[in-house]
Amino acid sequence: VLQTARRGHERGFVAWVVDTQPTYTYAGVLGAGHDGDNLRLAIDLGLDQWIEGASVRLHGGNARELDDVGGPEAAANLRRVAPPGSRVVLRSLRSDKFGGRYGARVTLPDGTDLTELLIADGWLARWDGRGLKPVPPWPRTPTNF
């Protein structure tokens, strides 16, 4: 269970806040991507136990929907930078509000955080999951030339 320290403003006390959603780290193998911010993968639970076809939404960003202009290109780009069969590290954060999938951070074999890469390249808009979903501009405007 993830614990974080928070310091009080007036009295300088430290309180430990326990997040009820545990965080787990797994090895995984990428399968097909659905759109620009959702993928399927096989997750290695250890001891020869695998979850096949797990649905994961990249935590921290939002891509254009498949039906939107730029959506199919975002999906194709995700498959290009994270091709099926790639081995990754997955850090699950919480179950998705729609059920059946998890929000997670995905680290590519070279150590790159996939969400941060896609944000820097203009394929995702940074989003914490609250409020209206921001949409990346189209045509996209990469920030790391």
Side-chain angles (χ1 to χ4, degrees), residues 1-8 14-145:
V1 175
L2 180 65
Q3 294 183 342
T4 56
R6 295 193 181 153
R7 205 167 283 287
V14 175
W16 287 97
V17 178
V18 178
D19 186 338
T20 59
Q21 294 283 338
T23 299
Y24 299 102
T25 301
Y26 302 98
V29 178
L30 292 178
H34 170 68
D35 59 17
D37 56 18
N38 289 281
L39 6 112
R40 294 226 177 246
L41 61 150
I43 300 173
D44 183 357
L45 301 176
L47 301 173
D48 291 324
Q49 300 294 311
W50 287 78
I51 296 175
E52 298 290 336
S55 182
V56 170
R57 185 174 198 294
L58 295 175
H59 180 77
N62 183 57
R64 291 180 158 269
E65 299 299 328
L66 281 175
D67 294 341
D68 294 340
V69 173
E73 291 86 350
N77 180 69
L78 180 59
R79 287 189 299 274
R80 182 185 62 77
V81 299
S86 297
R87 293 189 172 274
V88 296
V89 174
L90 169 77
R91 193 175 86 239
S92 69
L93 298 171
R94 66 178 67 91
S95 59
D96 186 276
K97 64 183 175 184
F98 299 109
R101 67 182 180 183
Y102 278 83
R105 298 304 288 223
V106 174
T107 304
L108 298 174
D110 67 359
T112 302
D113 181 286
L114 183 55
T115 298
E116 294 303 321
L117 173 67
L118 294 172
I119 289 171
D121 286 346
W123 294 104
L124 293 182
R126 191 171 300 283
W127 183 50
D128 65 2
R130 293 183 215 134
L132 295 175
K133 291 192 286 187
V135 179
W138 192 261
R140 67 188 185 84
T141 52
T143 59
N144 70 340
F145 292 102

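Quantities reported herein were computed from a predicted structural model and do not represent experimental measurements. Any value given below was found using the heavy atoms of this structure, including those in side chains, with hydrogens, waters and symmetry copies removed.
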Report yes or no: does [X] contribute a side-chain atom to a donor-acceptor pair with the main-chain N or O of [Y] at less than 3.5 Å?
{"X": "Arg40", "Y": "Gly53", "answer": "yes"}
{"X": "Asp37", "Y": "Ala63", "answer": "yes"}
{"X": "Arg105", "Y": "His59", "answer": "yes"}
{"X": "Asp68", "Y": "Gly71", "answer": "no"}
{"X": "Asp113", "Y": "Thr115", "answer": "yes"}

- prompt: Around atom CG of Asp110, are there more than 12 heavy atoms of other residues, nucleotides or ligands at under 6.0 Å?
  reply: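 Counting other residues, nucleotides and ligands, CG of Asp110 exceeds 12 neighbours.
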Does the side chain of [Y] come within less than 4.5 Å of [X]'s, by heavy atoms?
{"X": "Asp121", "Y": "Arg140", "answer": "yes"}
{"X": "His34", "Y": "Arg101", "answer": "no"}
{"X": "Leu45", "Y": "Leu47", "answer": "no"}
{"X": "Pro136", "Y": "Arg64", "answer": "yes"}
{"X": "Trp50", "Y": "Val29", "answer": "yes"}

message: Once rounded to the nearest 0.5 Å, what's the spacing between atom CG of Asn77 and atom CG of Leu117?
response: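 Asn77 CG to Leu117 CG: 8.0 Å, rounded to 0.5 Å.
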task: Supply the atom-to-atom distance Leu118 CG to Asn62 CG, rounded to the nearest 0.5 angstrom.
output: 11.5 Å
